[in-house]
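These notes are about the structure you will find just below.
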Amino acid sequence: MIQAPRGTFDILPESAAQRRVVEEQVEKILGAAGYRRIETPTFEATELFARGVGEATDIVQKEMYTFDDGGGRSLTLRPEITAPICRAYLEHGMHKLAQPVKLWYLSSCFRAEAPQRGRYRQFWQVGAEAIGSSAPETDAELIVLLADLLGALGVKGTRLRLSSLGTPETRSAYREELKDFLRAHEAELSEEVRSRIELNPLRAFDSDDRGTRAVMQDAPLLLDRLDEDDAEHFAQVRALLDDAGVRYELDPTLVRGLDYYTRTVWEFTSDALGSQSGVGGGGRYDGLIELLDGPPTPGVGWAAGIERMLLAAHDLAAPADFVDLYVALAAPEGNRTAFDLARAARRAGLQAQLELAGRSLKGQLKHADRIHARWVAIVGENGVVTLKDMESGDQRDAPVQNVIPTILRGGAAA
Ligand code: HAM
């Protein structure tokens with residue numbers, strides 16, 4: 001039997017209903033702050049991610065689904081959506097619009113990671129990006145919006161970790177300092193960390209290796225090296241979060257898996273998840289648009305995994321499906337009347353279903369009960385209809401043209 005590819009899953013109707021709740025909350029919370037929805041293509045030029053996300057990242061080195069389009073161009077299924085949005089911002093001249101341009105998305109991403117609970121090869125992200133503002137209020141607003149979303153969905157056990165990565169200049173000076181520090185302790189580091197000192201020394205903070213962790217206790221921290229502007233920006237973001245009552249932990253070693261970040265970075269984790277505890281994260285990416293050949297343009301945003309939010313909000317209830325009218329058949333000759341009645345009911349704005357399985361009348365009533373139909377219209381010979389109120393059990397015969405008006409009046413006599 002052919003099965004769904006490893007690391008992918010089907011979204012069955014029950015979970016589609018839960019996802020609709022997520023989408024409604026996103027629309028409400030982000031819409032209220034002036035964010036508007038955007039959708040970009042599922043695949044993009046590979047170079048967009050190589051440049052945007054960064055050659056040295058795990059995502060680009062190991063996790064991309066890259067293929068040739070048959071014409072010698074390399075395409076990649078998007079592993080994330082920030083770089084595509086910056087591409088779209090440039091391509092559509094959005095710098096001419098009032099800034100910042102505030103966008104949200106809810107789309108699937110693809111990463112060839114080892115599948116486990118909360119980690120998939122195709123997963124869904126909801127995200128928000130504000131491009132064109134360097135105000136610390138933008139960072140704080142986005143963090144608050146993500147906190148609000150997680151709260152509205154009932155995501156359990158969340159913690160917010162916050163840090164600042166400064167500007168590229170501070171960062172590269174710091175990288176040199178960190179490299180010197182790592183080289184001075186080379187013998188105590190894990191093989192993996194040692195082999196990446198040149199390419200990605202920051203990853204040393206991420207290591208699980210005991211020797212490496214011991215060394216990193218005394219490592220210099222970027223947060224202590226921020227220049228005056230960055231330190232001030234970060235102080236303002238923190239003050240705004242404090243005022244908003246959003247609790248966070250400063251985590252000077254917070255490493256995000258993407259290279260485009262500058263200044264503020266953050267991540268929400270949830271204790272309700274296992275090892276894949278990151279529910280949503282983001283940060284500022286003031287250099288990304290320039291990296292994609294655009295003019296210097298600040299940006300900040302986040303993305304959160306839909307599956308992880310749902311896993312950590314285990315009792316998220318979706319509204320039950322509701323059926324106003326079930327059209328049953330007492331005699332096969334009534335089928336055209338029944339078909340018409342169901343169609344007319346839907347046109348009148350009712351949720352109406354038609355018997356489609358050739359059940360006995362008893363079976364049809366049982367089925368109507370199972371799907372919680374409010375009314376059942378039993379169509380008999382020569383167009384006579386018996387309308388049954390499934391709440392009270394009352395039933396009465398009615399001409400077919402009276403069925404819909406009666407239901408719309410809630411059953412009251414005309
Ligand atoms: P990210 O941290 O790589 O950031 O991904 C965001 C969220 O996507 C994660 O917190 C997690 O919930 C979910 N996620 C990531 N990988 C997987 C996976 N394999 N399976 C299930 N869920 C996953 C970004 O993608 C950035 N673009 C966020 C951003 C937006 N930064 C600025 N703007």
Side-chain angles (χ1 to χ4, degrees), residues 5-9 11 22 30 35 38 40 44 48-49 52-54 57-60 62-65 77-89 100-131 133 138-139 141-143 145-146 149-150 153 155 158-161 163 165 206 254-270 272-289 298-313:
R6 206 165 114 76
T8 70
F9 51 87
I11 297 169
V22 175
L30 294 176
Y35 287 74
I38 184 170
T40 58
E44 297 269 359
L48 174 64
F49 302 112
V53 173
T57 60
D58 276 357
I59 294 180
V60 172
K62 308 185 210 160
E63 297 170 2
M64 297 209 301
Y65 286 99
L77 297 183
R78 58 181 173 210
E80 65 99 51
I81 311 187
T82 308
I85 288 194
C86 290
R87 194 251 327 123
Y89 177 92
V101 173
K102 298 184 286 185
L103 302 164
W104 70 267
Y105 49 89
L106 195 166
S107 317
S108 57
C109 296
F110 304 83
R111 294 183 193 176
E113 298 190 77
Q116 62 178 85
R117 183 171 182 268
R119 189 164 73 196
Y120 311 98
R121 291 181 170 175
Q122 178 177 8
F123 58 97
W124 268 255
Q125 275 191 352
V126 47
E129 315 283 351
I131 304 177
S133 163
T138 321
D139 311 44
E141 176 175 273
L142 278 157
I143 295 171
L145 289 169
L146 179 51
L149 177 66
L150 298 176
L153 295 176
V155 174
T158 53
R159 282 173 34 188
L160 168 59
R161 292 185 299 146
S163 190
L165 301 178
D206 249 1
L254 180 59
V255 176
R256 306 256 314 123
L258 307 105
D259 276 356
Y260 47 61
Y261 291 117
T262 54
R263 294 192 157 178
T264 324
V265 284
W266 69 88
E267 194 155 84
F268 282 89
T269 55
S270 166
L273 297 169
S275 59
Q276 299 306 307
S277 63
V279 194
R284 197 163 256 296
Y285 45 86
D286 293 344
L288 178 53
I289 297 219
V300 53
W302 52 259
I306 304 274
E307 294 75 31
R308 292 193 193 170
M309 289 195 293
L310 288 175
L311 278 171

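Just so you know, ligand 1 is whichever comes first in the structure, and atom 1 is the first atom listed for that ligand. Heavy atoms only: backbone and side chains are in, while hydrogens, waters and symmetry mates are out. Since this is a predicted model, take the numbers as computed values, not measurements.
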- Message: Tell me whether W302 contacts the main-chain N or O of L142 through its side chain, where contact means a donor paired with an acceptor under 3.5 Å.
- Response: yes
- Those residues that, when tested against F268, pass ring pair (Phe, Tyr, Trp, His ring centres under 6.0 Å) (two or more places apart): none
- Measuring from each atom of ligand 1, which residues have a heavy atom under 4.0 Å away? E80, T82, Y105, R111, E113, G118, R119, Y120, F123, Q125, E129, R256, L258, Y260, Y261, G278, V279, G280, G281, G282, G283, Y285, G301, W302, A303, G305, R308
- Message: Using side chain to side chain donor-acceptor pair (under 3.5 Å), reason through Q122 and T8 one step at a time and then give a plain yes or no.
- Response: CA-CA 5 Å; Q122 178 177 8; T8 70; 5.9 Å; no
- Message: Suppose we screen for ring pair (Phe, Tyr, Trp, His ring centres under 6.0 Å). Which residues come up paired with F110, at least two apart in sequence or across chains?
- Response: none
- Task: Work out which heavy atom in R117 is nearest to a heavy atom in L311; give both atom names and the distance.
- Result: NH2-CD2, 3.8 Å
- Residues forming a side-chain hydrogen bond (donor to acceptor under 3.5 Å, both in side chains) with T269, sequence neighbours excluded: none
